[in-house]
Amino acid sequence: MRIVLLGPPGAGKGTFAEQASKTLGLPHISTGDLFRAAIKNETDLGKKVKDILAQGLLVPDDLTIGLVRQRLAEPDAQAGWILDGFPRTIPQAEALQEISPVEMVINLEVDDALILQRLTGRRICRNCGRIYHIVSMPPKKDGVCDVCGGELYTRPDDQESAIKTRLAAYREQTEPLVAWYDEKKLLVPLRGSGTPESVYSAFEKILQNRG
Ligand code: AMP
């Protein structure tokens, strides 16, 4: 199955995708993770996008589409995928239709107040990318990943000034995709405000009902 996760920053796309990837046995492909890995490894791409990510702006479409095209050509992506954070613009969505058409678009809906609360408390493992929240999903030991023992950090773009820019980018450039996918009868709305478990079980019910 080829699934796209839509929703504002902090909607829970990454957490949802981790769970869906395990349950459905599909690769979780996050363009944000791919960009952060490129920055960490100081590749040419990483150097180009470092400041863009820090500010909370969107990376230009040509770079992003090229990256996704390459990733979707890899062997593990042939049976399907869960795309998290892509597409974020109409040209990206058009490119995806041409590369490998999506079958289901989950739109995770959450209110702005919750978004801010989630993003400012979010911590990520520097080593394996696992996502935590200091209040709602804390690690067993402060600052340390339960899974791999890696160091937890706050993403630079989870600072309040970058969050505002990211939300504005979402409203202006990404939100139009909701109507775009709805018109194509691919959109599945899902309330993203509950616990990760409750959001995921609502998704499983939707899958069952679709047969
Ligand atoms: P995320 O981890 O999905 O929140 O993405 C982090 C950052 O990576 C975004 O704020 C953008 O700077 C960049 N990024 C991720 N995905 C895309 C995309 N599809 N188009 C443009 N920029 C992206």
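Whatever order the structure lists them in is the order used to number ligands and atoms, beginning at 1. The first residue in the sequence is number 1, and the count goes up from there. From a predicted model like this one, the values you see are computed outputs, not experimental measurements.
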Short N or O distance, Gly56 and ligand 1, threshold 3.5 Å exclusive: no
For the pair Arg130 and Glu18, find out whether any cationic side-chain nitrogen is under 4.0 Å from an anionic carboxylate oxygen. yes
Heavy-atom distance to atom 7 (C) of ligand 1: which of Ile124, Ile163, Leu53, Leu83 wins? Leu53
Is there a polar contact, in the sense of an N or O pair closer than 3.5 Å, between Val59 and ligand 1? yes
Donor-acceptor under 3.5 Å (Lys13 side chain, Gly7 main chain): yes
Atom 20 (N) of ligand 1: which protein heavy atom is closest, and how many Å away? Gln92 NE2, 2.9 Å
Would Gln19 and Thr23 count as having a side-chain donor-acceptor pair, cut-off 3.5 Å? yes
In terms of its nearest heavy atom to atom 13 (C) of ligand 1, the top option of Phe35, Phe86, Tyr170 is Phe35
Closest non-hydrogen protein atom to atom 9 (C) of ligand 1, residue and atom name please, with distance? Arg88 NH2, 3.9 Å
Would you verify whether the NZ or CZ of Arg155 falls within 45 degrees of the ring axis of Tyr153 while also being under 6.0 Å from that six-membered ring's centre? no
Heavy-atom distances under 4.0 Å are what count here, so tell me which part of Arg36 touches ligand 1: side chain, backbone, both or neither. side chain
Please work out whether the ring planes of Phe16 and Tyr200 are parallel, tilted or perpendicular, with thresholds of 30° and 60°. tilted
Residue Arg166 vicinity, atoms of ligand 1 by number, heavy atom under 4.0 Å: 4 (O)
Could you tell me whether Asp33 and Arg71 have a side-chain N and a carboxylate O separated by less than 4.0 Å? no
Short side-chain to backbone donor-acceptor contact, Arg2 and Pro101, under 3.5 Å: yes
Pick one of side chain, backbone, both or neither for how Leu57 approaches ligand 1, counting any non-hydrogen atom pair under 4.0 Å. backbone
Output, in order, the C-alpha distance, side-chain angles, deciding distance and verdict of side chain to side chain contact (heavy atoms under 4.5 Å, CB included) for Leu96 and Val4. CA-CA 10 Å; Leu96 182 62; Val4 157; 3.8 Å; yes
Would Asp33 count as a polar contact of ligand 1, with the cut-off being nitrogen or oxygen pairs under 3.5 Å? no
Just checking Asn41: does its CG atom have more than 12 heavy atoms from other residues, nucleotides or ligands closer to it than 6.0 angstrom? yes
Consider ligand 1: state whether an atom of it lies below 4.0 angstrom from any non-hydrogen atom of Arg155. yes
What are the atoms of ligand 1, with element, lying closer than 4.0 Å to any heavy atom of Gly85? 16 (N), 17 (C), 18 (C), 19 (N)
Any nitrogen or oxygen of Asp84, main chain or side chain, under 3.5 Å from a nitrogen or oxygen of ligand 1? no
among protein heavy atoms, the one nearest atom 16 (N) of ligand 1 is Thr31 OG1, 2.8 Å
Can you find a side-chain donor-acceptor pair between Ser201 and Ser198 that sits under 3.5 Å? no
What part of Thr64, side chain from CB on, backbone N/CA/C/O, both or neither, has a heavy atom under 4.0 Å from ligand 1? side chain
